[in-house]
> 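Please read through the structure below; I'll follow up with questions.
Predicted model only: the values in this text are computed from it and were never measured. In listed order, ligands and their atoms are each counted from 1.
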Amino acid sequence: MERKELIYTGKAKKMYATDQETVLLAEYLNQVTSLNGAKKETVEGKGELNNQITGLIFNYLAGKGIASHYIQEVSKTEQLIKRVEMIPLEVVVRNTSAGSFAKRFGMEEGIDLPFPILEFYYKKDELDDPFINDAHVKMLNVATDEEVRAIKKQALEINAALVEMFKKSAIRLIDFKIEFGKTADGEIVLADEISPDTCRLWDMTTKEHLDKDIYRRDLGDIIPVYVEVLERLKNI
Ligand code: ADP
Ligand code: UDP
């Protein structure tokens, strides 16, 4: 598969066309950002860690019958994916209070929620990805009611599979963000990435942060922490 023209440069990845119309190549970058890109830095080695972690997670999900856009890793920092029409939603699933959720409800972080809570954010950088509800999704023509139902069902199934997966690595899955796309035949499929950039992961016993909060909160170097996540996931 040949890498062709650059289609899109995002905050964490570059997307390239390939010699196959329906296949893209995602290159994972060393850039780390927070505050919607207002804070950013280059961290050597991050791209290859997130490329590998995402591949491992998408393969695990495939084994559980959960389809995604992932095809295969082609180099340390690159993977082939199926081209989909992205739905401009950041779908967040929360198992435990943290981050903006803890702040919004005046809760401490680390309180287990009675059931997984699903939230939608409208993916639009210029609006700072606002928190939206089902009516907004419909009004904005982001997705139909049927697509929203499919997204919610899949998001909760993905959560259940990921909680199990991380548990085997002694990691508590606090919350995460996923994105979905639509295939040419209208199927809703998990896309983008799942990595310590997009999940909150805590060590099950020490509650140590094993994710991008290390960067967001200036707690140290993310690389050893991301290596730790990769090594633990490799061993399950
Ligand atoms: P951002 O756009 O938030 O800065 P990235 O740097 O991760 O994020 O860029 C990757 C972009 O590619 C995102 O906009 C994402 O929605 C999009 N994308 C992810 N998977 C696919 C796919 N399979 N087909 C088309 N676009 C995709
Ligand atoms: N998240 C993400 N991209 C975003 C916003 C959030 O991947 O643009 C992830 C984040 O890593 C966390 C979850 O979504 O795992 C919930 O994040 P939250 O809403 O608490 O936002 P934050 O506190 O990061 O601003």
> Could you work out, with salt bridge (Lys or Arg N to Asp or Glu O under 4.0 Å) as the rule, every residue matching Lys40, not counting sequence neighbours?
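Here no residue qualifies.
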> N/O to N/O below 3.5 Å, does that happen between Met86 and ligand 1?
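There is no such contact.
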> When you measure from atom 8 (O) of ligand 1 to every protein heavy atom, which one gives the shortest distance, and what is it?
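That would be Lys11 N, 4.1 Å.
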> Going by the order shown, which atoms of ligand 2 are within less than 4.0 Å of some heavy atom of Glu90?
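Counting atoms of ligand 2 from 1, those under 4.0 Å from Glu90 are 3 (N), 4 (C), 5 (C), 8 (O).
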> Given that the side chain starts at C-beta and the backbone is N, CA, C, O, which of these parts of Glu85 lies under 4.0 Å from ligand 1, counting heavy atoms, or is it both or neither?
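Under 4.0 Å from ligand 1, Glu85 contributes no heavy atoms.
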> Heavy atoms only: which of Lys212, Arg216, Lys11 is nearest to atom 10 (C) of ligand 2?
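Nearest option to atom 10 (C) of ligand 2, by heavy atoms: Arg216.
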> Give the atoms of ligand 1, by number and element, whose distance to some non-hydrogen atom of Ala12 is under 4.0 Å.
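Checking each atom against Ala12, I get 5 (P), 6 (O).
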> For atom 25 (C) of ligand 1, what's the nearest protein heavy-atom neighbour? Residue, atom name and distance, please.
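It is Val84 O, 3.3 Å.
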> Charged N to carboxylate O under 4.0 angstrom, Asp203 versus Arg232?
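Salt bridge: yes.
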> Salt bridge between Glu147 and Lys182, side-chain N to carboxylate O under 4.0 Å?
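Yes, this pair counts.
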> Are any of the side-chain heavy atoms of Leu233 and Phe166 separated by less than 4.5 Å?
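Answer yes - side chains close enough.
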> Enumerate the atoms of ligand 2 whose separation from the nearest heavy atom of Phe176 is less than 4.0 angstrom.
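Every atom of ligand 2 under 4.0 Å from some heavy atom of Phe176: 14 (O), 15 (O).
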> Is Lys153 salt-bridged to Glu157, cutoff N-O under 4.0 Å?
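Here Lys153 pairs with Glu157 in a salt bridge, since their nearest N and O are under 4.0 Å apart.
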> Under 4.0 Å, counting heavy atoms only: does Asp197 come that close to any atom of ligand 2?
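It does; at least one heavy atom falls under 4.0 Å.
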> For Phe115, does the CZ atom sit with more than 12 other heavy atoms under 6.0 Å from it, leaving out its own atoms?
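12 or below, so no.
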> Does Lys138 pair with Asp145 as a salt bridge, N-O distance under 4.0 Å?
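Answer for the salt bridge query: yes.
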> Report, in ascending order of atom number, the atoms of ligand 1 lying under 4.0 Å from any heavy atom of Met15.
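Within the 4.0 Å cut-off of Met15, ligand 1 contributes 10 (C), 12 (O), 18 (N), 19 (C).
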> I need the nearest protein heavy-atom contact for atom 16 (O) of ligand 1: residue, atom name and distance, please.
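Here the nearest protein heavy atom works out to Glu179 OE1, 2.9 Å.
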> Ligand 1 versus His69, non-hydrogen atoms closer than 4.0 Å: side chain, backbone, both, neither?
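Looking at His69 and ligand 1, just side chain atoms fall under 4.0 Å.
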> Please determine if Lys39 forms a cation-pi arrangement with Tyr215, meaning its NZ or CZ atom is less than 6.0 Å from the six-membered ring centre and no more than 45° off the ring axis.
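Yes, cation above the ring, under 6.0 Å and within 45°.
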> Any donor-acceptor pair under 3.5 Å linking the side chain of Thr54 with the backbone of Ile194?
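The answer is yes, because a donor-acceptor pair under 3.5 Å joins these two groups.
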> Under 4.0 Å from ligand 1, counting heavy atoms only, is it the side chain of Asp192, its backbone, both or neither?
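Both backbone and side chain.
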> May I ask you to check whether His136 and Phe120 place their ring centers less than 6.0 Å from one another?
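His136 vs Phe120: aromatic centres not under 6.0 Å.
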> I need the contact type for Leu24 against ligand 1. Using non-hydrogen atoms and a strict under-4.0 Å cut-off, is it side chain, backbone, both or neither?
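Side chain only.
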> To which protein heavy atom is atom 23 (O) of ligand 2 closest, and what is the distance rounded to 0.1 Å?
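Among all protein heavy atoms, the one nearest atom 23 (O) of ligand 2 is Arg200 NH2, 2.8 Å.
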> For Glu231, give me all partners under salt bridge (Lys or Arg N to Asp or Glu O under 4.0 Å), at least two apart in sequence or on another chain.
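If we apply the salt bridge (Lys or Arg N to Asp or Glu O under 4.0 Å) test to Glu231, skipping adjacent residues, the hits are Lys234.
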> So which heavy atom in the protein is nearest atom 12 (C) of ligand 2, and how far is it from that ligand atom?
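In this structure, atom 12 (C) of ligand 2 has Asp175 OD1, 3.1 Å as its nearest protein heavy atom.
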> Identify whether the distance between the nearest side-chain nitrogen and carboxylate oxygen of Arg200 and Asp213 falls below 4.0 Å.
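Here Arg200 pairs with Asp213 in a salt bridge, since their nearest N and O are under 4.0 Å apart.
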> Over 60° means perpendicular and under 30° means parallel, so tell me whether Trp202 and His209 are parallel, tilted or perpendicular.
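Ring orientation, 0 to 90° scale: perpendicular.
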> Look only at interatomic distance and state if Lys13 has a nitrogen or oxygen under 3.5 Å from any nitrogen or oxygen of ligand 1.
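By distance alone, the answer is yes.
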> Can you find a non-hydrogen atom of Arg94 under 4.0 Å from ligand 2?
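Per 4.0 Å heavy-atom rule, Arg94 contacts ligand 2.
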> How far is atom 3 (O) of ligand 1 from its nearest protein heavy atom, and which residue and atom name does that atom have?
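Going by distance alone, atom 3 (O) of ligand 1 is nearest to Lys123 NZ, 2.8 Å.
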> Would you mind checking which non-hydrogen protein atom is closest to atom 1 (N) of ligand 2, with the distance to 0.1 Å?
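Result: Lys177 CB, 3.7 Å.
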> Run the numbers for me: atoms of ligand 2, each under 4.0 Å from some heavy atom of Gly99, listed by number.
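Matching atoms, with element in brackets: 20 (O), 23 (O).
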> Identify, for atom 2 (O) of ligand 1, the protein heavy atom at the shortest distance, and state residue, atom and that distance.
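Nearest protein contact, heavy atoms only, for atom 2 (O) of ligand 1 is Tyr8 OH, 2.6 Å.
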